[in-house]
Amino acid sequence: MGSVLSDGTIKRLVEEQRIRIDPWDPSLVQPASVDLRLGNSFRVFHNHRASAIDLREPPRNLTEHVTVPDDRAFVIHPGEFVLGVTVERVELPDDIVARIEGKSSLGRLGLIVHATAGFVDPGFAGTLTLEIHNLTRIPIKLYPSLPIAQLSFMHLDRPAEIPYGSPELGSHYHGQVEATESRYGLPT
C-alpha cells in the first residue's frame, strides 16, 4: 500500500471528486486525515435476545435501531457497546483505501469508536458504521454532529481488480445509510 495522503492531497482529490465526502466541510481536514461527525442513528444490543453469539449461526435481530434528535444526547453506559454512524457519506475510487480511527481526545476519556472495523475498501460508498464502546465506569453523553472519528487515506499500488460494491463480491454494507448491524454469515 502507498503512503498516507496529506491534507493538500485530500483536498485536491475531493475537489476532483475522486474521493467524495458528503457533506464536505474543508474545516474538518487535519494534517493527514478528515474528521468525521457522529450521526443520529444507533443500534443498541439486547443481550436477552440470545444466550450466546454463535459465529456458525449468528443471531439475527440482536439490535434495535434508535434515532436520536439532533439536539438530544445519546447516553452510552459503562461497558456498553453500541453501533453508531457518521454524518458523512464517503465514496472511494478503486485505487484508494481508508482507515477510520478514533480521536485521541475521546480515547483519553475512555470512548472507543471502532473495535475492529477500521478498514474502508476501495470502491466503498456509504456512511460508516462506528463500533462505540464506553470503557469507563461513568456514562458518556454523545451528541449528533460532534466530531467522533478521523479518516485517513492511502493509495493502492494499482487499482483493485474487484472493488467493494462489485456484484460478484456481495458487499454487505455498500450503500448503507444508518448504523448497520452485522451481516456476518449472510449469503453474498
Side-chain angles (χ1 to χ4, degrees), residues 21-23 34-92 97-121 123-151 164-167 169-188:
I21 301 174
D22 184 36
V34 175
D35 281 350
L36 299 176
R37 296 166 295 162
L38 181 64
N40 63 358
S41 170
F42 296 89
R43 286 213 160 262
V44 180
F45 283 78
H46 290 292
N47 299 338
H48 66 276
R49 291 186 180 170
S51 60
I53 296 176
D54 182 343
L55 295 183
R56 288 188 177 169
E57 295 179 34
R60 302 290 166 233
N61 302 316
L62 192 58
T63 64
E64 174 186 349
H65 184 252
V66 175
T67 302
V68 176
D70 288 339
D71 60 342
R72 301 288 298 263
F74 177 87
V75 178
I76 181 168
H77 294 278
E80 189 173 23
F81 177 81
V82 300
L83 300 175
V85 70
T86 59
V87 167
E88 291 80 12
R89 181 183 186 282
V90 175
E91 190 170 335
L92 298 179
V97 298
R99 291 215 48 99
I100 190 164
E101 299 290 343
K103 294 187 66 60
S104 65
S105 54
L106 296 177
R108 293 168 197 216
L109 294 172
L111 187 71
I112 304 300
V113 300
H114 82 84
T116 62
F119 191 78
V120 185
D121 282 304
F124 175 85
T127 57
L128 299 170
T129 294
L130 304 168
E131 301 164 343
I132 305 170
H133 189 194
N134 179 354
L135 298 175
T136 73
R137 295 182 180 189
I138 306 166
I140 298 175
K141 290 183 176 182
L142 304 175
Y143 293 91
S145 296
L146 288 182
I148 188 110
Q150 53 194 9
L151 196 62
Y164 196 83
S166 298
L169 276 186
S171 305
H172 290 305
Y173 307 105
H174 195 69
Q176 68 187 5
V177 175
E178 57 189 33
T180 305
E181 67 184 345
S182 175
R183 294 179 175 157
Y184 183 84
L186 288 177
T188 55

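Being a predicted model, the structure only gives us computed values, none of them experimental.
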Cut-off 3.5 Å, no hydrogens considered: what does the side-chain donor-acceptor table look like for residues 135-146, sequence neighbours left out?
from	atom 1	to	atom 2	distance (Å)
T136	OG1	N134	OD1	2.7
T136	OG1	I138	N	3.0
T136	OG1	I138	O	2.8

Check whether any side-chain heavy atom of V82 lies under 4.5 Å from a side-chain heavy atom of L130, and answer yes or no. no
Within the structure provided, determine whether V120 and L92 are in side-chain contact (heavy-atom separation under 4.5 Å). yes
Donor-acceptor pair, distance only, cut-off 3.5 Å: does the side chain of E88 make one with the backbone of T127? no
Heavy atoms, side chains only, cut-off 4.5 Å: are K103 and D35 in contact? yes
Rounded at 0.5 Å granularity, tell me how far CD1 in I21 sits from CD in E91. 11.0 Å
Would a distance-only check, ignoring hydrogens and angles, find a side-chain to backbone donor-acceptor pair under 3.5 Å from T63 to V44? no
Could you give the distance from OG1 (T86) to CG (L128), rounded to the nearest 0.5 Å? 4.5 Å
OG1 of T67 to CZ of R72, rounded to nearest 0.5 Å, is 13.5 Å
Would you mind reporting whether S104 and Q150 have side-chain heavy atoms less than 4.5 Å apart? no
Within this structure, what is the CZ-CZ distance for the pair R43 and F81, rounded to the nearest 0.5 Å? 13.0 Å
Taking salt bridge (Lys or Arg N to Asp or Glu O under 4.0 Å) as the test, write out the residues that go with E101, two or more places apart. R99
To the nearest 0.5 Å, atom CZ of F119 lies from atom CD1 of I100 at 13.0 Å
Residues at least two apart in sequence or cross-chain that pass salt bridge (Lys or Arg N to Asp or Glu O under 4.0 Å) with D121, listed by chain then number, are none
Check whether any side-chain heavy atom of H65 sits under 4.5 Å from a side-chain heavy atom of F42, and report yes or no. no
Flag the pair L83 / F45 as yes when at least one side-chain heavy-atom distance between them is below 4.5 Å, and no otherwise. yes
Quick one: closest heavy-atom pair of L38 and I148, and the distance? N-CG2, 3.6 Å
